[in-house]
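See structure below.
Residue numbers begin at 1 in each chain, while the letters A, B, ... track the order of the sequences. All of these numbers come straight from a predicted model, not from anything done at the bench.
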2 protein chains.
Amino acid sequence: METTITLRERKKEATRQALHEATLRLALERGFDTVTVDAIADEANVSRRTFSNYFLNKEDALLYGDRARIDGLLERLRARPADEPPWQALTRSAAAQFAQRREPDPNWLGQLRLLRRHPSLLAQQAAIQAAFEHELANEIAARDPHPDPMRARVMAAVFLATIRTVTAHWTEQKTPSPLSEAIQTGLSHAASPFT
Amino acid sequence: METTITLRERKKEATRQALHEATLRLALERGFDTVTVDAIADEANVSRRTFSNYFLNKEDALLYGDRARIDGLLERLRARPADEPPWQALTRSAAAQFAQRREPDPNWLGQLRLLRRHPSLLAQQAAIQAAFEHELANEIAARDPHPDPMRARVMAAVFLATIRTVTAHWTEQKTPSPLSEAIQTGLSHAASPFT
DNA sequence: GGGCAAACTTGCCTCATGGGCAACTTTGCG
DNA sequence: CGCAAAGTTGCCCATGAGGCAAGTTTGCCC
């Protein structure tokens with residue numbers, strides 16, 4: 001599943017990754033909005049036109065990692081026992097996803113720092129998550145003995161919003177505590193009655 | 001509070017409203033992405049340059065109503081007794097905000113229909129709400145006897161995500177039941193343990 | 001190994017857009 | 001009534017998205 005078989009596909013993935021990294025690197029160097037797509041394409045040694053073949057815009061390219069991370073989360077979720085209650089499956093998947101690296105990827109931290117300052121990135125991130133919300137909601141409904149579509153969607157939305165919020169908050173505080181802990185705390189807040 | 005005193009301010013508001021409505025009208029007629037800013041400005045009898053003075057882009061103009069609605073929500077929240085527990089204050093504010101009209105504004109319904117089909121609108125909406133999240137979180141923290149900043153933010157995010165999700169869901173189902181009910185149900189889902 | 005088709009990249013072009021600037025018009029107020 | 005502030009507009013430019021067609025690379029079958 002990991003190994004993309006054909007050379008063509010491996011190259012494609014490499015290009016995509018290169019563009020993503022070029023975007024991040026330049027954005028951190030010069031500030032996100034002063035970076036042009038031309039510059040990014042240059043940095044990745046492809047034409048500007050090729051950039052457009054891979055990403056819709058700078059935001060999209062920068063947040064490519066987010067897409068991957070969320071995909072990972074979804075995979076973990078699907079791998080969990082089918083009879084596990086939805087919220088527990090979500091929590092455990094999140095735990096697995098965020099616990100993996102002892103110290104977080106510096107690239108990712110850089111991305112988060114940018115995210116905080118640029119509303120256009122926030123918007124794009126939300127759009128990415130919204131696209132996932134449906135799949136997430138389906139997965140949730142599949143585990144619910146009395147599936148209520150709206151409840152499933154709300155749960156999916158709450159889950160994603162919590163992760164996004166906690167991550168943002170964690171980034172702003174230079175908290176020494178690991179992110180995975182913060183996520184668990186946040187999720188438990190979201191899961192317990194707000195009263 | 002309602003009456004803007006000066007002529008200047010009334011005119012400004014009228015222009016803004018005209019641009020918003022022109023955007024909605026044209027988007028419903030021709031489809032959101034085939035409408036140009038030029039056409040909108042024309043329809044509202046101002047120059048394209050003036051459009052830019054009021055809104056960042058088409059999405060922003062279309063979602064002007066959302067901004068207003070959210071502002072209303074915040075006002076209602078602030079008007080509530082200071083010692084009311086946060087989640088209850090939120091729920092009641094939402095109830096007041098959504099119960100007001102017996103049958104929803106057809107313009108708003110049109111807007112919601114567009115929202116569903118256009119990710120760029122979803123993104124913009126999320127950005128608007130994100131900008132709001134801080135104020136909401138502050139209001140929440142102010143009501144919490146043991147304020148935990150992260151918890152307040154999570155609560156704000158959960159609240160907004162729930163409203164957004166329920167509204168979207170309600171729009172997709174032609175449910176005969178009123179939106180305000182759906183919102184209350186959704187909020188109660190979000191507030192009760194997901195277990 | 002050769003060769004063909006599909007996939008990918010690139011350059012070129014066009015149209016839309018955001019926003020700076022400066023001239024002009026409208027409104028507020030002393 | 002007249003000036004200053006606020007708002008509008010036209011002009012301009014840098015950037016961007018994406019269609020199209022020519023050129024290049026890769027996959028695959030003979």
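Among the nucleotides D/dG18, C/dG19, D/dT25, the one closest to the side chain of A/K11 is D/dT25. Comparing atom distances between the A/T50 side chain and each of C/dT9, D/dG10, C/dT26 picks out C/dT9 as nearest. The listed nucleotides are C/dG28, D/dT8, D/dG18; the one nearest the side chain of B/L7 is C/dG28.
Within the nucleic acid shown, B/Y54 comes within 4.0 Å of sugar-phosphate atoms alone, with no base atom in reach, counting heavy atoms only. Using a 4.0 Å heavy-atom distance criterion, A/N53 is classed as a base contact.
Phosphate contact (OP1/OP2 of C/dA7, side-chain N/O of A/K12, threshold under 4.0 Å): absent. For D/dG18, neither phosphate oxygen OP1 nor OP2 lies less than 4.0 angstrom from any side-chain nitrogen or oxygen of A/S52.
The CZ atom of B/R48 sits 17 Å away from the P atom of C/dC21 (whole-angstrom rounding). Going from atom CD of B/E13 over to atom P of C/dT27 covers 16 Å, rounded to whole Å. One atom, CZ of A/F51, and another, P of D/dG16, lie 9 Å apart when rounded to the nearest Å. A straight line from CG of A/N57 to P of D/dG18 spans 9 Å, rounded to a whole angstrom. Regarding B/Q124, its CD atom lies at a distance of 10 Å from the P atom of C/dG18, rounded to whole Å. As a whole-Å value, the separation of B/L56 CG from D/dG16 P is 17 Å. At whole-Å resolution of the value, CZ in A/R8 and C1' in C/dT9 are 11 Å apart. In this entry the distance linking CZ of A/R10 with P of C/dA7 reads 18 Å, nearest Å.
Relative orientation of the A/H20 and A/Y64 rings is perpendicular, given thresholds of 30° and 60° on the angle between their planes.
Looking at residues 17-47 of chain B, you'll see B/V46, B/S47 sit with a heavy atom under 4.0 Å from some atom of DNA chain D.
A/E172 has no carboxylate O lying under 4.0 Å from a charged side-chain N of A/R113, or vice versa, which leaves the two without a salt bridge. Salt bridge annotation for A/R48-A/D42: absent, with no cationic side-chain nitrogen under 4.0 angstrom from a carboxylate oxygen. Ion pairing between B/D33 and B/K58 fails under the 4.0 Å rule for side-chain N and carboxylate O. Salt bridge status for B/R153 with B/E133: absent, with no side-chain N to carboxylate O gap under 4.0 Å.
A side-chain N or O of A/Q17 and one of A/E21 form a donor-acceptor pair less than 3.5 Å apart. With no hydrogens or angles considered, no side-chain donor-acceptor pair links A/Q97 and A/R69 at under 3.5 Å.
Not a single donor-acceptor contact under 3.5 angstrom links the side-chain atoms of B/R49 to the base of D/dG7.
Between B/F55 and A/T15, the residue whose closest nucleotide on DNA chain C is further toward the 5' end is A/T15.
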